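What follows is a single structure, written as structure tokens, with notes after it.
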Amino acid sequence: MAETNNPDGSFMTVKKVPSGLAAAGAKLWRSVVDVYELDEHESVVLLEAARTVDQLDLLQAAVTADGVVVDGPQGSKAHPALVEARQQRITLARLLSALRLPDEESGKKPQLRQGPRGPYALGSVGA
């Protein structure tokens, strides 16, 4: 992290793209830190999201090179990278959701979820 002077004399923290990120991960990183000021814990979540984007690119390259269906000892099956890519997409969605970035139009953050909802008590239904 470095600090630079803004035209008004205040300081602005500039976060460099972390080493090890490929093009897609670096693009995601820049698109967020150029707009939002993140706390340290949010930077960690963003870094994991950026790494996940890079992993998705690698998985897609494997599928592109080998095809969607591969031959195995028990016959043809979906490329294992497709299965992993599905899991990585779920992870990416959860990481991005955890950042709770404000809506660009309204500026409001998404609703904070405290965890899965449990069953409703019997007395709360139509009582």
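What you see is a predicted model, and the numbers here were worked out from it, not measured in a lab.
Contact detail for Leu47 and Trp29: the closest heavy-atom pair is N-CZ3, 3.8 Å. Nearest approach of Ala49 to Leu96, heavy atoms of both residues: CB-CD2, 4.0 Å. Leu28 approaches Ser31 most closely through the heavy-atom pair O-OG, 2.8 Å. Across all their heavy atoms, Val17 and Ala26 have their closest contact at CG1-CB, 3.6 Å.
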Would you be so kind as to tabulate the donor-acceptor pairs closer than 3.5 Å made by side chains of residues 76-84, with sequence neighbours excluded?
from	atom 1	to	atom 2	distance (Å)
Ser76	OG	Asp71	OD1	3.0
His79	ND1	Ala81	N	2.9
His79	NE2	Asp66	OD2	3.0
Glu84	OE2	Gln88	NE2	2.7

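Residues passing the side-chain contact (heavy atoms from CB on, under 4.5 Å) test with Val45 are Leu95, Ala98, Leu99, sequence neighbours excluded. For Ser43, the side-chain hydrogen bond (donor to acceptor under 3.5 Å, both in side chains) criterion is met by Lys15, not counting sequence neighbours. Every residue meeting the side-chain contact (heavy atoms from CB on, under 4.5 Å) condition with Asp39, not counting sequence neighbours, appears here in chain and number order: His41, Glu42. Considering only residues two or more places apart in sequence or on other chains, Ser19 meets the side-chain contact (heavy atoms from CB on, under 4.5 Å) condition with none of them. Applying the side-chain contact (heavy atoms from CB on, under 4.5 Å) rule to Asp57 yields the partners Ala24; only residues at least two apart in sequence or on another chain are considered.
The cluster map of Ile, Leu, Val, Met, Phe, Trp and Tyr, joined by side-chain heavy atoms under 4.5 Å apart, puts Leu92 and Tyr36 in the same cluster. Note on Val35 and Val32: same hydrophobic cluster, where clusters join Ile, Leu, Val, Met, Phe, Trp and Tyr whose side-chain heavy atoms are under 4.5 Å apart, directly or indirectly. Val53 and Val63 fall into different hydrophobic clusters, defined by Ile, Leu, Val, Met, Phe, Trp and Tyr side-chain heavy atoms under 4.5 Å apart, directly or through other members. Residues Ile90 and Leu56 fall into different hydrophobic clusters, defined by Ile, Leu, Val, Met, Phe, Trp and Tyr side chains chained together at heavy-atom separations under 4.5 Å.
Not a single donor-acceptor pair under 3.5 Å links the side chain of Ser97 to the backbone N or O of Ala93.
One finds the CG atom of Leu59 at 8.5 Å from the CZ atom of Arg89 (value rounded to the nearest 0.5 Å). The distance from atom CZ of Arg51 to atom OG1 of Thr91, rounded to the nearest 0.5 Å, is 14.0 Å.
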